[in-house]
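Take a look at the structure below.
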2 protein chains.
Amino acid sequence: MSDTRWLSAEEMRAWRGFLAASALVNRALDQQLKDDCDLSHPQYEILVRLAAEPEGELRMTELANGLVNSKSGLTYQVTQLEKAGLVRRRTCPTDVRGVFAVLTEAGRARLAEAAPGHVAAVRAHLIDVLTPEQLTAIADGLGEVSSRLRATGH
Amino acid sequence: MSDTRWLSAEEMRAWRGFLAASALVNRALDQQLKDDCDLSHPQYEILVRLAAEPEGELRMTELANGLVNSKSGLTYQVTQLEKAGLVRRRTCPTDVRGVFAVLTEAGRARLAEAAPGHVAAVRAHLIDVLTPEQLTAIADGLGEVSSRLRATGH
DNA sequence: CCTCGGTAGTTCGAATTCGAACCACCTTTG
DNA sequence: CAAAGGTGGTTCGAATTCGAACTACCGAGG
């Protein structure tokens, strides 16, 4: 570990861009969601993942895995969503320890209401700013990056 | 705003990749820094920015602007760094309200100590995973994304 | 059947975040 | 010079985050 391979100018540019963009985009979206529909970005993500399931429900652990949050963070957010009536908890019939988070009708409705604005913001801040080539490169590159991190760290 | 332009599969892939990568990479780096040298990622960024200045000092506001944090967040982190002896506050001679954050010798030393491990982690998790084309696309694309967000929202 | 190791989720405390309110000061204008 | 408005930073309270400890339970081995 004596000599370090420092970042080249190009690499530094990519790193700084990535760092700044990830903070700023996240911030902007969080803002938009909170202003327009009283949801935090993490909460929105939970709703999306539940809505993607055929039954509209998912085990807490599965939800935590696919998601950014720690397990305890998930517990917190699901509790918030439950207070807001957007999600309901259901204990798993075959395993008393297990808990499903279930999307309620209100939750589904709220998501439907929130989605257009959210997608528009994602476009405005990120997607529509990129050229098609950049878009593909990001999908491929960052997809690889995240799947590696998921594999090891998690 | 009646009909929404939803994301295509490719766009969704890019968005998900971006979202996951930004969370996971940030997390991994924060972890590495905390484990190896008792610094949070925001703290490390502050040190880097100070070290990049010829005098090793910067006004609080300038620091906050170039950085991810809100002003109050910056106050907090600088206070932490001050407690750790890595940074010192100095009031601006020509404007009593103004405050410079000044990198101390200890701060410079800590940064020098932390940098190799940090760079290695950035390489391992992000840079070295990308092809040169992806790297350039990310530098260009996300650079543009972040400068636009800086311009408007900030 | 009973114990043991592992798993599911929650709870706890500490750290960090943000925006809004605030204070002190600068600077412009009349 | 005095008033008014803007700026630089900090303080405040509320929300959110994390990991570690904890509780309760499942399932395998003996």
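Numbered from 1 within each chain, the chains take letters A, B, ... in sequence-line order.
- Between the NZ atom of A:Lys71 and the C1' atom of D:dT17 there is a distance of 16 Å, given to the nearest Å.
- In this model, the phosphate group of D:dG9 is not approached by any side-chain N or O of B:Arg89 to a distance below 4.0 Å at OP1 or OP2.
- Listed pair A:Gln31 / C:dC18 fails the phosphate criterion, with no side-chain N or O lying under 4.0 Å from OP1 or OP2.
- Distances from the side chain of A:Arg27 to the nucleotides C:dG19, C:dG9, D:dC25 place C:dG19 closest.
- Each of A:Asp95 and A:Thr79 was matched to the nucleotide of DNA chain C holding its nearest heavy atom; the match closer to the 5' end belongs to A:Asp95.
- A:Glu10 and A:Ser8 share no side-chain donor-acceptor pair at under 3.5 Å.
- Summary of the strand contacts: A:Leu74 and B:Gly98 both lie near DNA chain D, and taking for each the nucleotide with the nearest heavy atom, the more 5' one is attributed to B:Gly98.
- Closest to the side chain of B:Ser72, out of C:dG9, C:dA20, D:dG9, is C:dA20.
- Here D:dT16 presents its C1' atom at 12 Å from CD1 of A:Ile46, a figure rounded to the nearest Å.
- Rounded to whole Å, atom P of C:dG9 lies 15 Å from atom CG of A:Asn69.
- Along DNA chain D, the nucleotide nearest A:Arg97 and the nucleotide nearest B:Thr61 are compared for position; the residue whose nucleotide lies closer to the 5' end is B:Thr61.
- Counting only heavy atoms from C-beta outward, the side chains of B:Gln134 and A:Leu142 never approach each other to under 4.5 Å.
- Here the side chains of B:Ile46 and B:Leu58 are not in contact, with every heavy-atom distance at 4.5 Å or above.
- The CD-P distance, from B:Glu45 to C:dT16, rounds to 16 Å in whole Å.
- The distance between atom NE2 of A:His41 and atom P of D:dT17, rounded to the nearest whole Å, is 12 Å.
- A salt bridge links A:Glu144 with A:Arg148: at least one charged nitrogen is closer than 4.0 Å to a carboxylate oxygen.
- Between B:Met60 atom CE and D:dT11 atom C1' there is a gap of 13 Å when expressed in whole angstrom units.
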